[in-house]
Amino acid sequence: MKFTAEQIAGILEGEVVGNPMAEVFRLSKIEEGAEGSLTFLSNPKYLNYIYSTKASVTIVNNTFVPESPVTTTLIKVHDAYAAFSKLLEFYNQVKLNKSGIEQPSFLSQSVKYGDNLYLGSFSYVGQNVVLGENVKIYPNCFIGDNVIIGDNVVLFAGAKIYSETVIGNNCTIHSGAIIGADGFGFAPNPDGTYTKIPQIGNVIIEDNVDIGSCTTIDRATMGSTIIRKGVKLDNQIQIAHNVEIGENTVIAAQTGVAGSTKIGRNGMIGGQVGISGHLNIGNNVRIQAQSGVGRNIKDNEILQGSPTFGYNDFSKSYVHFKNLPKIVAEIEELKKQILNQKNGNNG
């Protein structure tokens, strides 16, 4: 798909300096620009590339005045970085604007769906499913019975949505994510074996949630596992049964949250964090990467370590930890001096 500089300037409300009919069909970094590509310049660090880039069109700030001739067509805007981000969003919408039902696929006769549905090949949609407007279901997806999905939801290839799951509006679920699998519930028996505890709850995902590839969110034993609006989950995250994650909390990759833990709103949780079950994590909490959380956390705490403690205390303690061999050597030297003094006094 090709766009001219004039068309792009119209989208961004910018001014063309150069050839308004210059065509682009791909995006690039300014230092990697080639004919037919669109790029941008906002960081002064990359200023020298504006004079050598082969990109056909470059978005720049209104304040930019070239000191040497440029061969690329310029589009001047108020904020080049924000304009390029807007263009990326527009490009993504155009790229993902598929519609129609591909074959082979299975769509139960009891399914209700809104306008502009896209159902990719080899996908399965079970009984009594409700799909909103502009839902995009890419190939090889599975949607179980009685699932409800809101408007403007994208399920990328291979996503699996188990029965009874509820997904709000404007959500994106990436490839390989599994929503609504059984929670990890087993009762130990006297002979050392385990009996499975039926998991009869569901998962509720509110509006504007993003779920990364290969992330798993387990259904509740009873009731619901709840992901509140605006939550952003990275790839390869495990959310166990009956967990609740508050609004606008973001969690980085390879984090695991054990069953029945409640996480507050506006939190930031780093990668490879482990959080024990049945805990209450407050609002506005920051947990640094690779931390282990085994206690309740109050609002506004910043934590690090395993087990976690205050970030400032951790930083101070880590300085001492790095110096531990030196400290031990100094202690040993002091012990020798004290022992020599005692021997001297005894003599």
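It should be emphasised that the depicted structure is a prediction, and the values quoted were computed from it without experimental measurement. Every heavy atom of this structure was used, including side-chain atoms; hydrogens, water molecules and symmetry mates were not.
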Just checking, is any N or O donor in the side chain of [X] or [Y] under 3.5 Å from an acceptor N or O on the other one?
X: Asp234; Y: Gln254; answer: no
X: Asn202; Y: Ser224; answer: yes
X: Asn170; Y: Asp207; answer: no
X: Gln238; Y: Thr216; answer: yes
X: Asn116; Y: Asn134; answer: yes
X: Thr63; Y: Asn61; answer: no
X: Asn189; Y: Thr195; answer: yes

Qualifying side chain to side chain donor-acceptor pair (under 3.5 Å) pairs with a residue from residues 71-84, counting only residues at least two apart or across chains: Thr58-Thr72
Salt bridge (Lys or Arg N to Asp or Glu O under 4.0 Å): pairs with one or both residues in residues 140-161, sequence neighbours excluded: none
Listed partners of Lys335 passing side-chain contact (heavy atoms from CB on, under 4.5 Å), at least two apart: Ile331, Glu332
Gln236 CD to Thr255 OG1 distance, which is reported to the nearest 0.5 Å: 11.0 Å
Shared-cluster residues of Ile197, by chain and number - hydrophobic side chains joined below 4.5 Å: none
Other cluster members, Tyr124 - Ile/Leu/Val/Met/Phe/Trp/Tyr, side-chain contacts below 4.5 Å: Phe106, Phe142
NZ/Lys196: more than 12 non-hydrogen atoms of other groups inside 6.0 Å: yes
Ile205 side chain reached by Cys171 side chain, heavy atoms, under 4.5 Å: yes
Using atom types as modelled, flag every donor-acceptor pair under 3.5 Å from a side chain in residues 10-34 to any protein atom, sequence neighbours excluded.
| unit_1 | atom_1 | unit_2 | atom_2 | d |
| --- | --- | --- | --- | --- |
| Asn19 | OD1 | Met21 | N | 2.9 |
| Arg26 | NH2 | Glu35 | O | 3.0 |
| Ser28 | OG | Ser37 | OG | 3.2 |

